[in-house]
Amino acid sequence: MGAFRSVSVATLGFPRIGPRRELKTALETYWSGASELTTLLGTAAGLRESTWLCQRDLGADIVPSGDFSFYDHVLDTSVMVGAVPARYDWNGGAVDHATYFAMARGAPGVTAGEMTKWFDTNYHYLVPEFTPDQYFTLAGTKALDEYQEAKRLGIDTRPVLLGPVTFLLLGKMSHGGGDPLALLPRLLPVYAEILSRFAAMGVSWVQMDEPALVLDLSDAARAAFAEAYTYLTQAVPAVQLMLTTYFGALADNLATALALPVHGLHVDLVRAPEQLAQVLEGARPDLVLSLGVIDGRNVWRADLSKLLDHLEPVSLARREIVLAPSCSLLHVPVDLERETALDPDVASWLAFAVQKVTELKVLAVALTDGRDAVRGALEASDRAAASRQVHEKIHDQTVRARVAGMNQTQARRSSSFETRRVQQHESLNLPPFPTTTIGSFPQTPEVRRARAGHARGTLSDAGYTEFLREETARTVRWQEEAGLDVLVHGEFERNDMVQYFGEQLSGFAFTKYGWVQSYGSRCVRPPIIFGDVSRPVPMTVEWWQYAQSLTKRPMKGMLTGPVTILNWSFVRDDQPRSETCFQIAFAIRDEVLDLEKAGAAMIQIDEAALREGLPLRRAGWGRYLQWAVEAFRIASSGVADVTQIHTHMCYSEFNDIIAAIGAMDADVISIETARSKMELLDAFAGYAYPAEIGPGVYDIHSPRTPAVGEMVTLLEAARTRLKDDQIWVNPDCGLKTRKWDEVEPAIANMVAAARALRG
Ligand SMILES: Nc1nc2c(c(=O)[nH]1)N[C@@H](CNc1ccc(C(=O)N[C@@H](CCC(=O)N[C@@H](CCC(=O)N[C@@H](CCC(=O)O)C(=O)O)C(=O)O)C(=O)O)cc1)CN2
Ligand SMILES: [Zn+2]
């Protein structure tokens with residue numbers, strides 16, 4: 001403690017799905033009934049063990065426990081404190097796996113919890129649900145058990161808990177609302193109990209994650225932090241707390257954080273390097289500082305020499321410091337070493353979770369023993385940084401010139417929506433309340449198997465194409481029979497709506513094993529945007545042409561928009577994100593124009609992640625929305641008036657950004673509304689949104705087939721808010737995750753509901 005130049009290496013959390021997605025496989029096998037709980041538990045224990053040992057062997061001095069989760073760490077916290085909603089019929093004892101998974105995924109007769117994105121990541125958590133008379137109790141000992149499990153393996157870990165204030169702020173009150181923060185006094189004794197049990201086990205430090213400290217906070221929320229940490233440090237003085245913040249600057253919450261009686265503070269110096277000076281100036285001399293210097297949200301290799309220039313002066317002060325990733329490594333892939341097919345130049349610029357721990361170790365050694373002690377590693381880092389600055393693979397003058405020459409005409413349709421609408425209606429001649437779907441249909445095991453076989457070489461190009469054509473043809477025929485008015489090809493050729501495009505665009509690299517958890521057992525492999533982006537050849541035109549050739553009804557062209565491609569990729573950090581977004585926008589614009597040329601009358605450009613890309617602080621919203629909307633317009637505005645542009649967004653809480661949604665100037669937008677019972681449409685109605693809207697009329701995540709009457713009721717609710725000729729009929733998005741025997745009856749009922757309205 002307080003030793004001169006004490007520098008240690010910590011991690012704050014590690015990917016838990018496993019290097020080969022072992023946890024995904026084990027979970028899905030267990031859920032399907034094909035394996036026993038003990039098998040799942042065994043796989044999980046094995047993963048935890050190898051994760052701990054791996055981090056220790058890489059040189060981490062402080063290794064976390066409790067960061068593992070069977071589904072979600074926020075759900076784990078709800079279970080830990082006994083926040084189990086009444087509908088799960090919990091008996092008050094230890095929460096068993098069946099209850100846990102029912103909360104996560106629903107079970108016969110009970111709905112799952114609501115899921116929403118974790119800060120500005122593509123990870124989704126289960127929203128804690130509280131009641132005004134909520135009572136908390138220690139109902140889950142996972143955190144305690146995992147600490148002891150590691151200890152038995154000889155590793156004294158630093159347990160991680162989601163802090164009480166962030167936990168409450170992430171949750172919501174059921175029945176009539178109220179402020180979750182009001183529950184803090186009832187919650188704190190449970191946290192104190194856990195901390196005292198840790199103390200009894202000999203735990204010296206606990207990592208308390210409070211990422212809410214980087215958000216815009218009310219005075220009441222700031223006061224809650226003071227209340228919580230005063231209470232906990234007094235109740236359990238034996239355990240030292242590392243208050244952990246990430247995903248941004250503390251900014252106006254810095255004074256609050258520095259005034260808390262905790263023993264350590266972790267700050268994100270990747271998103272907010274400028275806060276180092278303020279933190280050093282304001283921190284008590286005995287406050288242990290954990291410096292988040294390695295990017296936990298992106299895959300770029302760090303420039304270690306440059307970091308050392310900043311860190312050496314800090315390490316000379318008489319203060320104990322910890323070097324850490326900016327946040328948990330949950331958001332990056334596990335190990336770059338497995339990516340043997342990556343372009344070696346690109347690979348030399350990257351670091352995944354394993355490599356990031358090594359980088360921290362190199363920094364720590366340099367700070368304690370001097371740079372010479374790690375000369376080789378520093379030189380390799382220097383070379384990578386230098387090569388990335390000048391490499392020909394990164395810079396494409398044509399692309400840069402195109403973005404530099406961008407003009408207003410390119411970002412405007414030639415006529416107003418009212419004019420376009422007349423032409424579109426005349427040429428399309430659709431019935432009132434036209435029916436359609438959001439784009440994908442079930443990615444069945446057969447589809448996945450065919451693609452995997454094709455990738456392995458056991459299924460030929462011709463065989464794979466033939467398989468996809470049959471799947472597409474069957475789906476087109478089925479949509480005609482079901483009576484849908486506007487068809488989709490089904491997206492069977494796509495592994496993922498972002499990765500599929502990333503694999504075809506220049507400036508993108510993609511991984512084989514770079515899986516990152518999105519929710520539960522679901523993962524994505526975000527493409528890596530390393531260079532200037534362009535589209536060498538059409539990406540979707542052939543599939544669209546084939547699908548349209550099978551039907552006389554309109555077939556929607558189906559694209560992912562520039563903002564969503566950006567937000568769901570690992571983005572280069574050597575230029576503003578807006579610049580990269582405009583480059584993607586021009587690539588998508590080229591595709592839109594090629595689809596139009598091929599005859600597409602409707603083109604959907606999904607911007608699923610437009611809203612979720614909003615900066616965490618409101619002060620950043622205006623600028624982001626400005627360039628994000630402009631990028632969408634660059635992508636979509638090249639077409640003739642008669643070509644109908646659709647867009648789609650999930651997570652459709654639009655009240656505060658409705659003007660930006662309007663400014664996108666799409667002709668039709670489909671949104672998710674089924675679970676909110678159409679209340680989301682109030683934003684559109686209040687703003688007098690002029691264009692057409694497809695509010696999702698059934699929640700595809702529910703295994704239950706929605707009745708015709710239910711959907712009619714929802715549509716009637718929509719009619720009280722919108723004009724009839726604005727309304728489209730479609731489900732919420734996500735059909736790719738369902739089975740055909742769930743999709744078929746539901747869509748049949750949806751078509752019947754639309755017909756009932758027409759009748
Ligand atoms: N990028 C992105 N972000 C998103 C969404 C989205 O669709 N895409 N949707 C929202 C919700 N998030 C989601 C994220 C993932 C999935 C999802 O279904 N993921 C799939 C993987 C999708 C994929 O890339 N599939 C590949 C690889 C499939 C695979 O696992 N293949 C096996 C082999 C399979 C076999 O042999 O049978 C293997 O490679 O080992 C493919 O189809 O080609 C999964 O985890 O199962 C769904 C929703 C928000 N964020
Ligand atoms: Zn969606």
Side-chain angles (χ1 to χ4, degrees), residues 17-25 27-29 31 71-72 115-118 120-125 331 333 338 437-459 464 467-468 471 488 490-503 510-528 558 560-561 563-570 604-613 646-652 669-675 694-696 699-701 730-739:
I17 207 81
R20 290 166 192 73
R21 288 186 299 163
E22 291 86 345
L23 183 61
K24 173 195 177 69
T25 313
L27 282 167
E28 292 178 358
T29 313
W31 291 334
Y71 204 94
D72 164 42
M115 219 169 39
T116 195
K117 71 199 182 66
W118 172 247
D120 58 357
T121 73
N122 194 3
Y123 174 83
H124 301 70
Y125 70 91
H331 312 289
R338 300 191 63 218
T437 58
I438 308 301
S440 61
F441 277 112
Q443 287 271 332
T444 56
E446 296 74 53
V447 174
R448 294 259 157 92
R449 210 174 305 132
R451 187 155 40 249
H454 180 236
R456 270 198 304 274
T458 54
L459 181 59
Y464 181 51
F467 170 85
L468 291 173
E471 200 69 12
V488 297
E491 303 182 22
F492 301 109
E493 77 288 9
R494 304 186 186 179
N495 40 20
D496 173 76
M497 61 184 288
V498 169
Q499 194 186 354
Y500 181 73
F501 291 93
E503 288 177 4
F510 50 93
T511 63
K512 268 208 159 80
Y513 308 100
W515 294 101
V516 177
Q517 190 179 17
S518 181
Y519 67 88
S521 67
R522 298 273 174 184
C523 301
V524 294
R525 267 175 302 182
I528 297 167
M558 191 59 61
T560 303
V563 186
T564 300
I565 292 180
L566 184 88
N567 283 336
W568 287 349
S569 297
F570 290 117
Q604 178 173 316
I605 308 172
D606 290 326
E607 283 294 19
L610 188 129
R611 191 189 191 289
E612 75 173 56
H646 291 230
T647 190
H648 159 75
M649 283 183 210
C650 345
Y651 322 108
S652 312
I669 180 171
S670 61
I671 59 176
E672 285 192 319
T673 42
R675 261 184 279 187
D699 172 10
I700 64 97
H701 294 289
N730 50 251
D732 279 352
C733 98
L735 292 183
K736 70 177 170 196
T737 63
R738 309 313 303 188
K739 300 196 181 78

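The figures here come from the full heavy-atom set of this structure, side chains too, leaving out hydrogens, waters and symmetry mates. In each ligand, atom 1 is the first atom listed, and ligand 1 is the first ligand listed.
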Exercise for review: Look at atom 49 (C) of ligand 1 and say which protein heavy atom is nearest, naming residue and atom and giving the distance to 0.1 Å.
Suggested key: Tyr651 OH, 3.1 Å

Check your understanding: Got the closest protein heavy atom to atom 46 (O) of ligand 1, with its distance?
Key -> Lys24 NZ, 2.6 Å

Which of the numbered atoms in ligand 1 are under 4.0 angstrom from any heavy atom belonging to [X]?
{"X": "Arg21", "result": "29 (C), 30 (O), 32 (C), 38 (C), 39 (O), 40 (O)"}
{"X": "Tyr519", "result": "11 (C), 12 (N), 13 (C), 48 (C)"}
{"X": "Trp515", "result": "21 (C), 23 (C), 24 (O), 27 (C)"}
{"X": "Arg451", "result": "41 (C), 42 (O), 43 (O)"}
{"X": "Lys736", "result": "6 (C), 7 (O)"}

Point to revise | Test log, rule side-chain contact (heavy atoms from CB on, under 4.5 Å), inputs Gln604 and His648 | key: CA-CA 7 Å; Gln604 178 173 316; His648 159 75; 3.8 Å; yes

**Study point:** With Asn495, the side chain to side chain contact (heavy atoms under 4.5 Å, CB included) member among Gln499, Glu491, Met497
**Key:** Gln499

Check your understanding: Of Ile671, Thr437, Ile438, which meets side chain to side chain contact (heavy atoms under 4.5 Å, CB included) against Asn730?
Key ->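 So, applying the side chain to side chain contact (heavy atoms under 4.5 Å, CB included) to Asn730 and each of Ile671, Thr437, Ile438, only Ile438 qualifies.
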
**Study point:** Candidate with minimal heavy-atom separation from atom 15 (C) of ligand 1, of Cys523, Ser569, Cys733
**Key:** Cys523

Check your understanding: For atom 37 (O) of ligand 1, which of Gln499, Lys512, Arg449 has the closest heavy atom?
Key ->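 The option holding the nearest heavy atom is Arg449.
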
Exercise for review: Measure across Trp31 and Ser521 and return the closest heavy-atom pair with its distance rounded to 0.1 Å.
Suggested key: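 Closest approach of Trp31 to Ser521, heavy atoms only: CZ3-OG, 3.4 Å.
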
Point to revise | Residue pair Tyr464 / Glu493: nearest heavy atoms and the distance that separates them | key: OH-O, 4.1 Å

Is there a side-chain contact between [X] and [Y] in this structure, where contact means two heavy atoms from C-beta onward sitting under 4.5 Å apart?
{"X": "Thr511", "Y": "Ile528", "value": "yes"}
{"X": "Phe501", "Y": "Thr564", "value": "no"}
{"X": "Trp118", "Y": "Asp72", "value": "no"}

Residues two or more places apart in sequence or in another chain: which of them pass salt bridge (Lys or Arg N to Asp or Glu O under 4.0 Å) with [X]?
{"X": "Glu446", "value": "none"}
{"X": "Arg738", "value": "Glu742"}
{"X": "Asp699", "value": "Arg675"}

Give yes or no for whether the N/O distance cutoff of 3.5 Å, strictly under, is met between [X] and ligand 1.
{"X": "Asp496", "answer": "yes"}
{"X": "Arg448", "answer": "yes"}
{"X": "Ala452", "answer": "no"}
{"X": "Ser518", "answer": "yes"}

Region of [X] that comes within reach of ligand 1 [heavy atoms, distance under 4.0 Å]:
{"X": "Asn495", "result": "both"}
{"X": "Arg522", "result": "both"}
{"X": "Asn122", "result": "side chain"}

Point to revise | Any His124 heavy atom less than 4.0 Å from ligand 1 | key: yes

**Study point:** Sub-4.0 Å heavy-atom contact, Arg494 with ligand 1
**Key:** no

Check your understanding: Under 2.8 Å from the Zn ion (ligand 2), which protein atoms of type N, O or S occur, listed by chain and number?
Key ->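 Hits for the Zn ion (ligand 2) below 2.8 Å: His648 NE2, Cys650 SG, Cys733 SG.
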
